[in-house]
Amino acid sequence: IVVGLVLWAWDEAVKAAVVPPIILPAPQEVWFILTAQADFMYGHAQKTFLECFFGFLFAALAGVGLATLMTVSKICREMLYPNLVLFQLIPTIALAPLFVLWFGVGSESRLAYAMCLALFPIVVSASTGLMGTNPYFLRLCESLTATKWQTLWQVRFPFALPHIFTGLRIGLTLAVIGVVVGEFITAQSGIGFLIAYASSGMETALALAAIVFLLGVGLLLFLLLLMLLPLPLPLP
């Protein structure tokens with residue numbers, strides 16, 4: 001209902017000439033672009049989806065791996081965590097041109113930048129969950145002579161899952177942002193490139209249609225992430 005009201009108000013504002021069509025075209029015009037150029041935009045969306053997927057996947061694996069390492073080793077935690085915090089204090093948008101210099105203008109730079117943006121919230125959330133396990137269960141594991149890795153996999157991970165998935169949801173959004181920003185700068189294809197191209201030519205309807213496709217990419221990735229929730233995991 002809310003979406004319908006927004007679309008109605010948008011259409012009425014354009015009809016009443018409150019907003020010039022070149023600034024905000026009517027919803028019907030955006031829909032026409034979506035249907036008429038769906039195949040063209042689908043090709044760009046497919047490339048963006050793959051880059052977002054792999055950038056997020058690398059960030060998730062690295063983030064959970066670093067969090068695990070910091071959980072099992074106090075030395076690693078003292079070595080890595082302060083540096084991660086310091087790195088996060090750097091405005092990440094300032095690093096985008098450097099990633100182009102380091103990794104080139106191909107997909108590698110966008111994957112690296114997406115991974116850079118998504119890594120910190122995943123590490124922080126996963127490490128918070130792993131190190132915040134109920135101490136009573138940890139003492140029980142010690143009394144039963146469980147190894148450190150048995151305790152990690154069978155007790156810490158199940159307790160940390162809500163924190164891990166919270167970090168993954170935040171990291172997924174940041175990974176999409178990283179890929180789109182990278183496409184603004186270097187790409188010759190992808191949704192970010194299409195939005196920048198349409199905006200430079202004042203083709204607002206095309207830019208809005210591309211944003212709708214970008215929304216679809218984000219929703220599909222989020223649904224794939226939700227599919228991981230019912231996976232069977234060892235319980236303490």
List, one per line, each side-chain donor-acceptor pair under 3.5 Å for residues 200-226, sequence neighbours excluded.
from: Ser200; atom 1: OG; to: Ala196; atom 2: O; distance (Å): 3.3
from: Ser200; atom 1: OG; to: Tyr197; atom 2: O; distance (Å): 2.7
from: Thr204; atom 1: OG1; to: Ile22; atom 2: O; distance (Å): 2.5

Please list, one pair per line, the donor and acceptor atoms closer than 3.5 Å that link side chains of residues 129-139 to other protein atoms, with sequence neighbours excluded.
from: Thr133; atom 1: OG1; to: Leu130; atom 2: O; distance (Å): 3.0
from: Asn134; atom 1: OD1; to: Tyr136; atom 2: N; distance (Å): 3.0

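Pairs of residues two or more places apart, or lying in two chains, never qualify as salt bridge (Lys or Arg N to Asp or Glu O under 4.0 Å) while including a residue from residues 153-163. The ring pair (Phe, Tyr, Trp, His ring centres under 6.0 Å) contacts involving residues 112-131 comprise Phe99-Tyr113, where partners must be two or more places apart or lie in separate chains. Screening residues 21-34 for salt bridge (Lys or Arg N to Asp or Glu O under 4.0 Å) gives no qualifying pairs among residues at least two apart or on separate chains. Annotation: side chain to side chain donor-acceptor pair (under 3.5 Å) contacts involving residues 1-24, sequence neighbours excluded, comprise Asp11-Lys15, Asp11-Gln28.
In the hydrophobic clustering, Leu144 connects to Leu140, either directly or through intervening members, whenever side-chain heavy atoms lie under 4.5 Å apart.
By the side-chain contact (heavy atoms from CB on, under 4.5 Å) test, Ala62 pairs with Met115, Leu119, sequence neighbours left out. Considering only residues two or more places apart in sequence or on other chains, Glu51 meets the side-chain hydrogen bond (donor to acceptor under 3.5 Å, both in side chains) condition with Ser107, Arg110. Residues passing the ring-ring contact (aromatic ring centres under 6.0 Å, His included) test with Phe40 are His44, sequence neighbours excluded. In this structure, Lys74 has no salt bridge (Lys or Arg N to Asp or Glu O under 4.0 Å) partners at least two apart in sequence or on a different chain. Residues satisfying the side-chain hydrogen bond (donor to acceptor under 3.5 Å, both in side chains) test with Ser127, not counting sequence neighbours, are none.
In this structure, Asp39 places its CG atom where only 12 or fewer heavy-atom neighbours from other residues, nucleotides or ligands lie under 6.0 Å away.
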